[in-house]
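Fair warning: this is a prediction, and the values are worked out from it, not measured in the lab. Chain letters run A, B, ... following the sequence lines, proteins first and then strands; every chain starts at 1.
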Amino acid sequence: MKYWLMKTEPNTFSIDDLAEQPEQITCWEGVRNYQARNLLRDEIEEGDQVLFYHSACKTPAVVGLATVSRGGYPDHHAFDKKSHYFDPKSNPDSPTWYMVDIKLNKKLERPVTLAELREEATKARSPLVDMVLLQKGSRLSVQPVSKKQFDRVVKLSEK
DNA sequence: GCCAACGTTGGC
DNA sequence: GCCAACGTTGGC
């Protein structure tokens, strides 16, 4: 089993929006970055665990936990001319873009803010020192997280 | 709203 | 293949 962090802008799709989906499942469509695409297509599998992160908002934070309920499959929104995510490069015979489905596990009792993660990362031997999210200039919207990092974030949410 | 960092595009 | 211009991300 692997661990991931996925970013979303709460104005577009928040943890509460996920909670309102049927079966609390959503497809993670619209990722249009090749590095993230490769993860979605090749690495992320059913059963993997996800940190659900709110970005580009007042208080950026990990706000929930989710489970991958379906591994990588073509993002059909790219084929739909009417979709905001339409991309003429992609076609059903040779899809450029992929997505996964995730299911809400739980909303964290207490969000773990970016500021808190940064502070935690300054501590000696913290597993968060090399967390991708905290690297300068890192903007990858789907990123790997180690088990230790995942567990530490969960623990911080229980404080 | 500002702006640094990064990714993509396209001319040459 | 280089690189300038442009677009996007995302923290602050």
Enquirer: If you check every side-chain atom of A:R118, which of C:dT9, C:dC12, B:dT9 has the closest atom?
Expert: C:dC12
Enquirer: Between A:Y53 (OH) and C:dT9 (P), how many Å, whole number?
Expert: 15 Å
Enquirer: Without decimals, in angstroms, what is the distance between A:L5 CG and C:dT9 C1'?
Expert: 15 Å
Enquirer: Classify the ring geometry between A:W28 and A:F52 as parallel (under 30°), tilted (30 to 60°) or perpendicular (over 60°).
Expert: perpendicular
Enquirer: Let me know the distance between CD of A:E9 and P of C:dT9, rounded to the nearest Å.
Expert: 7 Å
Enquirer: Taking all heavy atoms of A:K7 and all of A:L133, pick out the closest pair and write down the distance.
Expert: CE-CD1, 3.7 Å
Enquirer: Of the candidate nucleotides B:dG7, B:dT9, C:dG11, which contains the atom at the shortest distance from the side chain of A:Q35?
Expert: B:dG7
Enquirer: On the 0 to 90° scale, with breaks at 30° and 60°, tag the A:F150-A:Y3 ring pair as parallel, tilted or perpendicular.
Expert: tilted
Enquirer: Rounded to the Å, how far apart are A:H54 NE2 and C:dC12 P?
Expert: 17 Å
Enquirer: Measure from CG on A:N33 to P on C:dT8 and round the result to the nearest Å.
Expert: 14 Å
Enquirer: Please determine, for the side chain of A:L114, which listed nucleotide (C:dC12, B:dG7, B:dA5) has the closest atom?
Expert: C:dC12
Enquirer: Send over the distance from A:M131 CE to C:dG11 P, rounded to a whole Å.
Expert: 12 Å
Enquirer: Is the number of heavy atoms from other residues, nucleotides or ligands under 6.0 Å of A:E23 CD greater than 12?
Expert: no
Enquirer: Whole angstroms only, please: what is the CD-P distance between A:Q143 and B:dC6?
Expert: 14 Å
Enquirer: Could you state the NZ-C1' distance from A:K89 to B:dT9, rounded to the nearest angstrom?
Expert: 10 Å
Enquirer: Tell me, please, which residues at least two apart from A:F86 pass side chain to side chain contact (heavy atoms under 4.5 Å, CB included).
Expert: A:K81, A:P88
Enquirer: Which nucleotide, B:dT8, B:dT9, B:dG7, lies nearest any side-chain atom of A:Y34?
Expert: B:dT8
Enquirer: Between C:dT9 and A:K7, is there an OP1 or OP2 to side-chain N/O distance shorter than 4.0 Å?
Expert: no
Enquirer: Is A:K136 close enough to B:dA4 that one of its side-chain N or O atoms is under 4.0 Å from OP1 or OP2 there?
Expert: no
